[in-house]
Amino acid sequence: MTGMTNQPINAGRLWGALMEMAQIGGTPKGGVKRITLTDEDRRGRDLFTQWCEQAGCTVRVDSMGNMFARREGRDPSRLPVLMGSHLDSQPTGGKFDGALGVLAGLEVMRTLQDLNLVTEAPIELVNWTDEEGCRFGRAMMGSAVWSGLHPEAKVKALQDAEGVTVGDALAGIGYVGDIPCEVFPADAMFELHIEQGPILEAEGRKIGIVTGAQAQIWYEAVVTGQDSHAGTTPPVARKDALLTAARIIELVDFFMREEGSESIADAGRGTVGRLVVYPNSPNVIPGEVRFNIEFRNPSDARIAEIATMFPPRAEALAALNNTTLTLTPVFRIPAQPFDTECVALVEQAAEKLGFPARRMVSGAGHDAVHVATRIPTAMIFTPCKDGLSHNEAESVEPEEAAAGTQVLFEAVVARANRVL
Ligand SMILES: [Zn+2]
């Protein structure tokens, strides 16, 4: 295992930084409300800048407010190795979603400074703007623009519930940077994040070696029947749109479970999370139901199979019930595998440090998934208590935060020192 260092990070200092950052937007219930491009976000960014500069880094900001804290390497011709995550939170968020990845990166920088260790390649710590998407409705906004997946002008015109645009909010907190937001040559990117799911904790593992993100297909569904009197309409005359919707929800669950995977982490997902029932009256048979269906799976082939097999089965269920179904695909995104060499570095680091680890696919979206479309990327997951996230009770054990940070340190330093 070339390039691994055997140098420990400072677990107490990491925890101190996490707790100090959590005070900015800290809620009475112990969570964090640091919504993107608000004054709390600005204060988090200011503190981040101050800490990075103290750790010997130079901070630059791009036109979307993405922040890059750079530590020079020995060889000026080498491309930087990136690491990072996001400092913004949900309105009732926790202390660790995003912040762990950024402050673990800070701890990597501080440890390098302590050790007076200069890597071959430069290292840059990134704080991506607006990962959560809770204010302007566009998750992973900063990394999406950086990766060229969304046009900047369009994103900057998005408005929050009060009609404030992204562009105005960014200017309002003083974080419109002077460099363009666009992909620049970089050697790799590593993101540490809490798992936000129950698998690592259930299996007693400290590290998730994330191999990629799932493929997805989303549908909008409208079932049309006929609203009629609940007391007078006999079974044969009913056109109950809600009953059809219920049977389709059952079918979604069947498609999810049909996979028969032994490992819960590898199985697909199928969800109906929202129903709108008309007329939604206790004694009227529902005449129309609108809902959303989403399937996710690590395998593009399985999503293709679902796209072929699910719609006719669902339409047949609707017809059997004297109703009609209109199923409109909203979007379909392919699986995003991470870079095999970067994933291997994470695996080797966990192995060397003796942390129980497993390979897994990310169920959620992350900045790293966008970045992976442009440069070699990998992610590290750490367990979180009861798999709970996007919740003020989100909780991580200090030693687990430290284990993930140690793996990040080893992987980033090994990549930055690799022999080209
Ligand atoms: Zn996050």
Side-chain angles (χ1 to χ4, degrees), residues 14 17-18 21-22 24-27 30-38 40-41 44-45 48 64-67 82-107 125-147 149 189-201 207-208 210 212-214 216 296 336 338 346 360-372 377-396 400-401 404-405 407-408:
L14 167 70
L18 282 163
M21 185 59 80
I24 300 178
T27 62
V32 169
K33 182 182 181 184
R34 203 165 46 236
I35 296 173
T36 190
L37 309 187
T38 59
E40 286 76 30
D41 186 19
R45 289 164 176 266
F48 172 73
M64 278 298 301
N66 296 317
M67 303 171 71
L82 313 185
M83 58 181 174
S85 194
H86 60 95
L87 286 173
D88 69 311
S89 84
Q90 289 283 333
T92 54
K95 300 186 189 79
F96 305 99
D97 175 1
L100 176 62
V102 175
L103 299 178
L106 174 70
E107 180 52 37
L125 169 57
V126 193
N127 172 33
W128 298 107
T129 293
D130 190 4
E131 192 278 343
E132 297 291 358
C134 56
R135 181 172 175 191
F136 301 101
R138 189 66 55 89
M140 298 166 284
M141 182 195 281
S143 57
V145 174
W146 187 84
S147 305
L149 299 169
M189 148 92 179
F190 293 87
E191 180 170 4
L192 170 68
H193 204 281
I194 56 170
E195 180 197 349
Q196 302 179 289
I199 295 162
L200 292 174
E201 186 184 47
I207 299 293
V210 189
Q214 305 187 98
Q216 302 185 29
R296 308 186 190 208
Q336 178 61 59
F338 287 149
V346 172
M360 60 199 303
V361 171
S362 174
H366 290 289
D367 292 311
V369 180
H370 282 160
V371 175
T377 298
M379 284 190 81
I380 305 159
F381 277 172
T382 57
C384 53
K385 191 164 185 298
D386 302 326
L388 197 62
S389 182
H390 288 185
N391 189 305
E392 290 167 274
E394 181 186 277
S395 165
V396 167
E400 287 168 346
T405 304
V407 169
L408 179 70

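First listed ligand is number 1; within each ligand, the first listed atom is number 1. Residue numbers count from 1 along this sequence. Computation of the quantities below employed the complete heavy-atom set of this structure, encompassing side-chain atoms and omitting hydrogens, waters and symmetry-equivalent molecules.
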For the Zn ion (ligand 1), every protein N/O/S atom that sits closer than 2.8 Å, waters excluded: H86 NE2, D97 OD1, H193 NE2
F338 backbone acceptor or donor facing T377 side chain under 3.5 Å: no
No-hydrogen, no-angle side-chain donor-acceptor test under 3.5 Å, S389 and E394: yes
Set of side-chain contact (heavy atoms from CB on, under 4.5 Å) partners for T38, sequence neighbours left out: I35, E40, D41, R135
Pair H193, D367: side-chain N/O donor-acceptor within cut-off below 3.5 Å: no
Partners passing side-chain contact (heavy atoms from CB on, under 4.5 Å) against Q90 (at least two apart in sequence or in another chain): E132, C134, H390
By side-chain hydrogen bond (donor to acceptor under 3.5 Å, both in side chains) - contacts of T382 (at least two apart): none
